[in-house]
Amino acid sequence: MTETYTLSDGLVVPKVGFGTYKLNGAQGVNAITSALDVGYRLLDTAVNYENEGTVGQAIARSSVPREKILVSSKLPGRRQHYDDAIATIEESLYRSGLDYFDLYLIHWPNPKTDLYVEAWQALIAAQKFGLIRSIGVSNFLPAHLERLEKETGVMPVINQVELHPYFNQADQRKFDTEHHILTQAWSPLGRSTSNNVLKHPEIVALAEKYHRSAGQIILRWQTQLGVLPIPKSTHVARQRQNLNIFDFELSTEDMATINAISKPDGRIRDQDPAYYEEF
């Protein structure tokens with residue numbers, strides 16, 4: 001995979017990353033090592049995934065040099081006080097066995113707790129200390145982002161949000177683009193529920209039309225939107241498949257077809273960052 005995005009601070013990132021949520025222990029190490037072998041170069045983890053050690057172990061076991069791998073982690077809501085945030089970043093590095101993170105994000109704004117600006121100030125400091133190369137956020141709405149800029153003068157380079165065909169985040173993507181923030185997609189393929197987007201008739205029809213899997217259609221749609229998806233799979237064949245999306249292109253009409261699937265209430269769960277809090 002050669003296609004990349006360049007963040008506003010100059011960091012070059014691949015157009016598809018690898019999600020590690022619920023990849024823990026030896027099985028997690030094997031899955032992540034496999035992903036690196038297949039060609040993924042961006043690994044996404046978080047303190048709340050309780051697998052930063054797993055990610056670090058996979059990197060240590062991989063034949064891919066550390067400097068060619070981008071590692072992203074996230075600060076939990078319970079650690080948003082400035083001193084707590086700095087210590088948490090350091091502990092994350094100790095657990096993972098790494099000297100620095102390429103990306104570090106605030107996991108949720110937690111607006112009722114209202115410490116996200118203080119947490120952002122800690123990330124700015126940690127970047128200056130050399131603990132983090134690039135700093136960003138996750139699940140931040142335009143109002144949260146505007147406040148960060150107003151109170152610190154620093155905008156995130158990336159905003160990781162829930163984004164899939166049932167919830168295409170058109171307004172958020174527009175705001176992010178206008179402010180030079182790359183939108184990253186968590187749960188890019190939805191999740192296996194009764195509302196499985198991989199089985200949506202329009203997606204299935206496009207998969208047949210392009211002779212691709214439903215997952216490849218969705219991931220290609222996201223990259224053509226200018227979004228960075230982070231799919232997860234423990235199966236080598238599917239890991240390869242999810243990367244193999246750069247040798248075809250969806251037509252304008254087919255992009256519109258997928259966008260038309262989106263619904264105002266399309267979130268997988270009721271996790272609206274305007275009020276949802278995660279610690």
ask   = Would you say Asp265 has more than 12 foreign heavy atoms packed within less than 6.0 Å of its CG?
value = yes

Interatomic distance, Glu178 atom CD to Asp176 atom CG [nearest 0.5 angstrom] = 9.5 Å

inquiry  = If you define the side chain from C-beta out and look only at heavy atoms, does anything of Leu42 sit under 4.5 Å from Gln184?
reply    = yes

Partners passing ring-ring contact (aromatic ring centres under 6.0 Å, His included) against Tyr276 (at least two apart in sequence or in another chain) = Trp108

ask   = Any side-chain heavy atom of Val47 within less than 4.5 Å of one from Arg78?
value = yes

query = So, does Glu151 use its side chain to make a donor-acceptor pair with the main chain of Val117 at under 3.5 Å?
reply = no

query = Taking a hydrophobic cluster as the set of Ile, Leu, Val, Met, Phe, Trp and Tyr residues connected by side-chain heavy atoms closer than 4.5 Å, whether directly or through intermediates, do Val227 and Trp186 fall within one such cluster?
reply = no

ask   = Among the clusters formed by ILVMFWY side chains lying less than 4.5 Å apart, do Leu105 and Ile230 turn up in the same one?
value = yes

task = Decide side chain to side chain contact (heavy atoms under 4.5 Å, CB included) for Thr183 and Gln169; before the verdict, give the C-alpha distance in whole Å, the side-chain angles of both, and the deciding distance to 0.1 Å.
result = CA-CA 9 Å; Thr183 304; Gln169 292 273 20; 5.7 Å; no

message = Listing request: all ring pair (Phe, Tyr, Trp, His ring centres under 6.0 Å) pairs with a residue in residues 109-137, at least two apart in sequence or in separate chains.
response = Tyr116-Phe140, Tyr116-His144

inquiry  = Are Val157 and Leu70 linked, directly or through intermediate hydrophobic residues, by side-chain heavy-atom contacts shorter than 4.5 Å (ILVMFWY only)?
reply    = yes

query = Can you name the residues that form a side-chain hydrogen bond (donor to acceptor under 3.5 Å, both in side chains) with Asp270, not counting sequence neighbours?
reply = Tyr275

key: Selection residues 84-107 - residue pairs positive for ring pair (Phe, Tyr, Trp, His ring centres under 6.0 Å), sequence neighbours left out   = Tyr49-His107, Phe101-Tyr104

message = Under the rule for side-chain contact (heavy atoms from CB on, under 4.5 Å), what residues qualify as partners of Gln216, not counting sequence neighbours?
response = Arg212, Ser213, Gln241, Asn244, Ile245

message = Quick one: does any side-chain atom of Glu162 pair with a main-chain N or O of Ile268 as donor and acceptor, under 3.5 Å?
response = yes

inquiry  = Rounded to the nearest 0.5 Å, what separates atom CG in Leu93 from atom CG in Leu131?
reply    = 6.0 Å

ask   = Any chain of hydrophobic side-chain contacts (each under 4.5 Å) joining Val71 to Ile106?
value = yes

ask   = Does the pair Trp221 and Asn259 meet the rule for a side chain to side chain contact (heavy atoms under 4.5 Å, CB included), with working shown?
value = CA-CA 9 Å; Trp221 163 73; Asn259 280 318; 3.2 Å; yes

task = Please list, chain by chain and in numerical order, all residues satisfying side-chain hydrogen bond (donor to acceptor under 3.5 Å, both in side chains) with Glu52, sequence neighbours excluded.
result = Ser73, Ser92, Arg95

task = Examine Leu7 and Val154 and state if one hydrophobic cluster contains both, with Ile, Leu, Val, Met, Phe, Trp and Tyr joined whenever side-chain heavy atoms are less than 4.5 Å apart.
result = no

ask   = For atom CD of Gln27, is the number of surrounding heavy atoms from other residues, nucleotides or ligands below 6.0 Å larger than 12?
value = no

ask   = Does Leu23 reach the side chain of Phe18, with side-chain heavy atoms less than 4.5 Å apart?
value = yes

ask   = With sequence neighbours left out, what residues match Ala26 under side-chain contact (heavy atoms from CB on, under 4.5 Å)?
value = none

message = So, using side-chain hydrogen bond (donor to acceptor under 3.5 Å, both in side chains) as the criterion, who are the partners of Thr223 when residues are at least two apart?
response = none

query = Could you state the interatomic distance from CE (Met155) to CD (Glu146), rounded to the nearest 0.5 Å?
reply = 6.5 Å

inquiry  = Quick one, Asn242 and Val16 - any side-chain contact, counting heavy atoms below 4.5 Å?
reply    = no

query = Under 3.5 Å, side chain of Asn110 to main-chain N/O of Glu278, donor-acceptor pair present?
reply = yes

Please report, to 0.1 Å, the donor-acceptor pairs under 3.5 Å made by any side chain of residues 54-63, with sequence neighbours excluded.
unit_1, atom_1, unit_2, atom_2, d
Thr54, OG1, Gly25, N, 3.3
Gln57, OE1, Arg61, NE, 3.2
Ser62, OG, Val64, N, 3.0

key: Set of side-chain hydrogen bond (donor to acceptor under 3.5 Å, both in side chains) partners for Asp254, sequence neighbours left out   = Lys209, Tyr210, Ser251

message = With a 4.5 Å cut-off on side-chain heavy atoms, are Thr20 and Ile32 touching?
response = yes

message = Is there a side-chain contact between Tyr166 and His200 in this structure, where contact means two heavy atoms from C-beta onward sitting under 4.5 Å apart?
response = yes

ask   = Under 4.5 Å between any side-chain heavy atoms of Val13 and Ile158, yes or no?
value = no

key: Qualifying residues under side-chain contact (heavy atoms from CB on, under 4.5 Å), relative to Pro201, sequence neighbours excluded   = none

ask   = Can you find a heavy atom in the side chain of Asn48 that is under 4.5 Å from one in the side chain of Lys74?
value = no

query = His81: what forms a ring-ring contact (aromatic ring centres under 6.0 Å, His included) with it, not counting sequence neighbours?
reply = none

request  = Check the pair Val236 / Asp37 against side chain to side chain contact (heavy atoms under 4.5 Å, CB included), numbers first and verdict last.
outcome  = CA-CA 9 Å; Val236 177; Asp37 290 344; over 6 Å; no

Gln172 and Asn159: CA distance, side-chain angles, deciding distance, side chain to side chain contact (heavy atoms under 4.5 Å, CB included) verdict = CA-CA 9 Å; Gln172 184 68 60; Asn159 185 18; 3.4 Å; yes

query = Checking Ser34 side chain against Asn30 main chain: does a donor-acceptor pair fall under 3.5 Å?
reply = no

ask   = Is any NZ, NE, NH1 or NH2 atom of the basic residue among Arg147 and Asp114 found under 4.0 Å from an Asp or Glu carboxylate oxygen of the other?
value = yes

